[in-house]
Number of protein chains: 2
Amino acid sequence: MKTISRKEEIIATATRLFYEKGYTAVSMRDIATAMDIKAASLYNHIKSKQEILSEIILKVAKEFTDGMVSVVTENTSAIKKVEKVIELHIDITVNHSEALAALNNDWMHLEEEDLEAFVKMREDYEENFRIIIKQGMDAGEIKSYHPEVILFSILSTLRTLYLWYQKRGKVDVNILKKDMVSVLIKGIV
Amino acid sequence: MKTISRKEEIIATATRLFYEKGYTAVSMRDIATAMDIKAASLYNHIKSKQEILSEIILKVAKEFTDGMVSVVTENTSAIKKVEKVIELHIDITVNHSEALAALNNDWMHLEEEDLEAFVKMREDYEENFRIIIKQGMDAGEIKSYHPEVILFSILSTLRTLYLWYQKRGKVDVNILKKDMVSVLIKGIV
DNA sequence: AATTCTAACTAACAAGCGTTAGTTTTGTTA
DNA sequence: TAACAAAACTAACGCTTGTTAGTTAGAATT
């Protein structure tokens, strides 16, 4: 039986508060108050505020990295790979929507090795996506626009999905995947 | 001859720092140091830190609102209007890329009337975009996916354009407009 | 030459920050 | 019931925060 530890409760609470106000605007006292304890008590379970941020961000970042690696090494068409990447983002968004706020907006407040690790993961991720798009252009599956425009059009939409997935009535995941794939790949006309 | 006032210099400096680290992570002493003066001297020119944030955000928000109103009242096809909206975003991004960081990430730190005004402008903007898309669906110009998926796919890309316009070698604005319109409207296949 | 304006300065404030040390309460196991 | 571990507590630390008050130096205007 997997019970959730006190540390995980702290991280969950912090994730929600960071989502609402951002890392620097949330104090340790804010997190403690939300849990009905005193700030000092948090330190029985975590090492520092920085550790909370790094656990939130790096855990999700690893999911992206692992997912992307498994997609990029598949032996399928580029378009199929793009579809898989879209589905990967939707799955992670559905499961960790609040953590994505910290990942998108507060990664620059990571320190030293954590910051370096994150930046590297992000660059590798983008590079893998770029490779997929170029593969698709070489194969004639994808139109030859400026690859960066395609890359960031799709990636921007996927990265900010967390902002409206929550409030728009949590539409069914499979319908969402189908529509997103259509809109992002086939356009709207 | 239009010289820039000391107040405008403060806002320009703050805009750059907010872009790099976010509103709450930048102190008045940070802003002052970047201008080679003391923090207290800033208050000869501005009322509060909050005033700086609100000037940065609301000025750009008004540009979006005005631009959208002028597009939505045009007597053209829905697709043409979507094109105009894309071009509007690109123009504003090119001219105010750093201010868009505050608008996107720090609007929740606005207070009272400023916060209310911003939220209202943002909702109205989205609603106008929604109307354009529905008009396009009714006229058979735009495919009948879930309108929200189309709305936020396009809007997400446009809203985060500021993040990569800067580092990707400032590609020519007209080429950027042409490619973005193609990718966002006609898709990538 | 006297006045006003602009824009900087020093010094300080009350409040909040992340964090540590040491102690007490609570619940479980021997 | 005694011992132990988990998790809370109080109190305080040094530092940073946004901001105010009062003053001064130099430039522009009268």
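In this text the structure is predicted, and so the values were computed from the model without any measurement. In what follows, every chain begins at residue 1, and chains take the letters A, B, ... in the order their sequences are listed.
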Along DNA chain C (nearest heavy atom to each residue), the more 5'-positioned of B:Lys38 and A:Tyr43: B:Lys38

Sugar-phosphate only, base, or nothing, as touched by B:Arg29 at under 4.0 Å among non-hydrogen atoms: base

Under 4.0 angstrom between A:His45 side-chain N/O and D:dA6 OP1 or OP2: no

Under 3.5 Å side-chain donor-acceptor pair for A:Glu63 and A:His96: yes

Under 3.5 Å side-chain donor-acceptor pair for B:Ser156 and A:Ser156: no

Touch class at under 4.0 angstrom, heavy-atom based, for A:Ser27 against every strand present: sugar-phosphate

Nearest-Å distance for atom pair NZ/P, residues A:Lys7 and D:dA6: 15 Å

Side-chain touch B:Ile132/B:Asn128, heavy atoms, less than 4.5 angstrom: no

B:Lys49 NZ to D:dT19 P, straight-line distance once rounded to whole Å: 8 Å

Distance, rounded to the nearest Å, where B:Ile46 contributes CD1 and C:dA8 contributes P: 12 Å

D:dA7 phosphate, OP1 or OP2, under 4.0 Å from A:Ser41 side-chain N/O: no

Presence of donor-acceptor pair under 3.5 Å, side chain of B:Asn44 and base of C:dA8: yes

Whichever of B:Ala25 and B:Ala40 has its nearest DNA chain D nucleotide further upstream toward 5': B:Ala25

Interatomic distance where CG belongs to B:Leu53 and P belongs to D:dG18 [whole Å]: 12 Å

Among C:dG18, D:dG18, D:dC9, the nucleotide that comes nearest once only the side chain of A:Met28 is considered: C:dG18

Length of the line joining B:Asp30:CG and D:dC15:P, which is rounded to integer Å: 18 Å

Spacing between A:Asp36 atom CG and C:dT26 atom P, to the nearest angstrom: 15 Å

Whole-Å gap separating P (C:dC9) and CE (B:Met35): 11 Å

Polar side chain donor-acceptor pair, B:Ser41 to B:Asn44, under 3.5 angstrom: no

Whole angstrom value for the distance that separates P of C:dA7 from CD of B:Glu8: 12 Å

A:Arg130 and A:Glu127 ion-paired at < 4.0 Å: yes

